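Remarks on the structure that follows.
Letters go in sequence order (proteins before strands), and every chain restarts at 1. What you see is a predicted model; the values in this text were computed from it and never measured.
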2 protein chains.
Amino acid sequence: MVTIKDVAKLAGVSTATASYGLKNDSRVREGTKIKVVEAAKVLNYIPNGAARYLKTQKSNIVGVFLDGFSRPTYHKLLDGINYELDKHGYNIIVSSGKSAEQLMFNRQIDAAVIHDKNVKNETIKRVASDSFPILLLDRELKQKFVHEFTIENTNITYQLAKHLLEQGYRNIHFISGVTSYDNTHRYNGFVQAMEEFGVYNPENYYQGDFSIRSGYNIANNIIKNKKPMPEVFFCANDEMAVGAMDAIKENDLKIPKDIAVVGFDNVELAKYYSPSLTTIHVDRFMWGNDVANLIIALINKETDLSRFSKPSGRIIYRESCK
Amino acid sequence: MVTIKDVAKLAGVSTATASYGLKNDSRVREGTKIKVVEAAKVLNYIPNGAARYLKTQKSNIVGVFLDGFSRPTYHKLLDGINYELDKHGYNIIVSSGKSAEQLMFNRQIDAAVIHDKNVKNETIKRVASDSFPILLLDRELKQKFVHEFTIENTNITYQLAKHLLEQGYRNIHFISGVTSYDNTHRYNGFVQAMEEFGVYNPENYYQGDFSIRSGYNIANNIIKNKKPMPEVFFCANDEMAVGAMDAIKENDLKIPKDIAVVGFDNVELAKYYSPSLTTIHVDRFMWGNDVANLIIALINKETDLSRFSKPSGRIIYRESCK
DNA sequence: CTGAAAGCGCTAACAC
DNA sequence: GTGTTAGCGCTTTCAG
């Protein structure tokens with residue numbers, strides 16, 4: 001491995017001068033600088049990040065930790081985070097599973113953004129510190145050096161449920177995802193509207209896991225066994241809504257005539273599915289931009305974070321409901 | 001920051017003993033071990049990965065570098081890589097853009113997997129070394145310490161084109177993605193079949209960029225201006241195929257009666273689009289598994305890599321063509 | 001303007 | 001079994 005020593009030797013200077021020269025420090029004379037840069041080039045010198053980090057305690061890397069790589073809502077978010085981090089000279093690494101825990105412990109990153117229910121609160125409390133802020137996108141946790149930046153779910157699902165109720169729907173069943181901040185708050189908004197109209201029934205709550213398959217199974221089961229049939233499946237995300245619509249069509253029922261369906265997320269499929277799905281859009285690229293700026297602010301120990309506000313969604317009306 | 005020195009001091013042992021104790025080395029007595037582990041716990045000691053890496057020159061991290069985070073074909077691939085790396089005690093980090101280059105240079109990872117046309121061959125040649133193998137998924141490059149593991153595109157597009165020709169289609173237009181290994185080889189297979197049937201026309205090649213929008217624009221343009229109209233749009237990926245189908249429907253034409261469409265990748269949308277899309281499926285989770293095992297083999301400097309073979313696709317026949 | 005040298009936190013000879 | 005210590009590659013203080 002080529003080290004700065006080799007560069008220094010070839011350039012005929014000390015390692016200190018080589019180090020300064022490579023950073024274009026004003027102290028070194030122009031001629032020396034050129035010699036150093038030249039030597040580095042000849043030797044194909046690549047600085048060792050670990051060594052640098054060990055010394056400076058700063059890696060300029062932000063870690064983003066997710067629950068797998070397949071959830072369609074992650075992609076825009078990641079692009080948004082990456083775009084903005086890049087603009088500010090930060091690098092991004094994304095990870096999942098055991099790797100994520102390892103990396104948080106390893107201290108090779110300056111901060112962490114977490115959207116992964118598998119990361120335990122305990123772990124977060126353990127690693128968060130003055131020099132390692134953590135931003136949570138998937139839960140709330142009051143703790144020093146830990147911040148939250150979740151979506152505003154409740155109000156928007158309240159609005160959507162209210163809209164359905166105003167259209168005359170009454171027998172609305174909620175298909176839930178895995179227990180999580182987002183899921184709970186989406187349900188809360190739904191419940192609020194249902195209660196307002198006096199038609200809330202806690203039994204009409206079904207536990208899924210955010211997957212197409214779970215939406216399909218739950219809906220299929222309800223359709224086959226439940227009398228009277230629900231008028232609407234209110235799904236905690238689009239994928240389950242797609243599964244539910246698959247089940248409805250398979251049972252030779254019509255959407256929205258026999259059963260209406262709404263989702264949450266506005267994934268690509270929502271637009272292309274036939275019928276197209278009424279759902280809630282959240283601008284995740286923008287959210288990602290804000291996430292990046294917020295984590296940078298935290299790294300810089302800024303205290304006025306009032307300029308950051310929870311992203312809210314908007315309803316996209318399509319064919320799957322009145 | 002709590003270091004191993006602090007742990008050693010609290011446990012009343014040397015740093016060496018502390019280090020060994022934490023690794024459960026057989027040399028240290030059980031009682032000492034317990035004292036050390038206890039001290040580490042009390043102090044909330046977290047080992048510093050940078051320091052360890054600097055010493056051992058091994059991070060157990062594999063970097064995967066992609067062209068953005070949004071391409072739908074990446075997700076299963078990543079899950080596949082992650083799953084298998086995890087089984088073997090390796091961690092994964094995923095990155096894109098400038099971050100990716102930085103990380104490759106930083107040497108905080110043991111190996112790199114690249115599927116990003118923006119990473120230049122020159123960069124790859126520069127950083128690949130005996131102790132830093134690189135695996136390319138998006139191109140071929142003959143170079144020491146650099147290996148390739150691309151999809152077998154040509155034969156399967158040849159098969160699909162042949163199928164279309166056997167169904168009687170003749171006027172088939174190719175909608176291409178950005179210039180890339182995959183794109184070129186998909187086109188090659190297409191050309192081969194067309195030539196076999198004596199109907200190859202190099203003019204019927206349109207340059208897109210793999211996006212829905214580009215597929216839409218190209219198809220719309222052809223439909224509006226080209227006489228006679230093509231019988232088939234042969235698209236280099238599913239997203240462009242979706243765009244093309246959008247355009248066909250918008251022009252009040254029927255798929256496949258007026259114009260047939262085929263794609264490549266078998267993304268989720270292909271199944272759900274109406275009409276569903278005939279395309280080529282590649283098992284990317286499996287590919288990811290193989291990628292992980294191959295990169296591990298490379299890290300371990302194995303020489304017999306014959307057990308790894310390029311993944312090939314299979315045609316999924318659906319409604320968008322005869 | 002340049003060089004010598006300390007030291008970031010950890011591991012692994014080596015000595016006892 | 002346990003401790004001492006050199007040193008991974010880099011940055012940066014302090015001298016000169």
Cationic N near anionic O, under 4.0 Å, Asp138(B) to Lys117(B):
no
Whole angstrom value for the distance that separates C1' of dC8(C) from CD of Gln108(A)
14 Å
Please indicate whether Lys41(A) has more than 12 foreign heavy atoms, meaning atoms of other residues, nucleotides or ligands, lying under 6.0 Å from its NZ.
no
To the nearest Å, how far apart are Lys9(B) NZ and dT4(D) P?
14 Å
Please give the angle, rounded to 10 degrees, between the axes at the start and the end of the helix from dC1(C)-dG16(D) to dC16(C)-dG1(D), where five pairs define each axis.
40°
Please determine whether a side-chain nitrogen of the Lys or Arg among Glu148(B) and Lys310(B) lies less than 4.0 Å from a carboxylate oxygen of the Asp or Glu.
no
Nucleic acid footprint by protein, nucleotides 8-16 of chain D - heavy-atom cut-off 4.0 Å, B for base, S for sugar-phosphate alone:
BBSBBB---
Taking atom types as modelled and ignoring hydrogens, do the side chains of Lys98(A) and Asn91(B) form a donor-acceptor contact shorter than 3.5 angstrom?
no
Regarding Ser306(B) and Asp304(B), is there a side-chain donor-to-acceptor distance under 3.5 Å anywhere?
yes
Kindly check if the number of other-residue, nucleotide or ligand heavy atoms within 6.0 Å of NZ (Lys120(B)) is above 12?
no
Report the distance from atom CG of Asp25(B) to atom C1' of dC10(C), rounded to the nearest whole Å.
15 Å
Count the heavy atoms belonging to other residues, nucleotides or ligands that lie under 6.0 Å from OH of Tyr83(A), then report whether that count exceeds 12.
no
SB check Asp25(A) Lys23(A) (cutoff 4.0 Å):
no
Atom NZ of Lys33(A) and atom P of dC1(C): how far apart are they, to the nearest Å?
9 Å
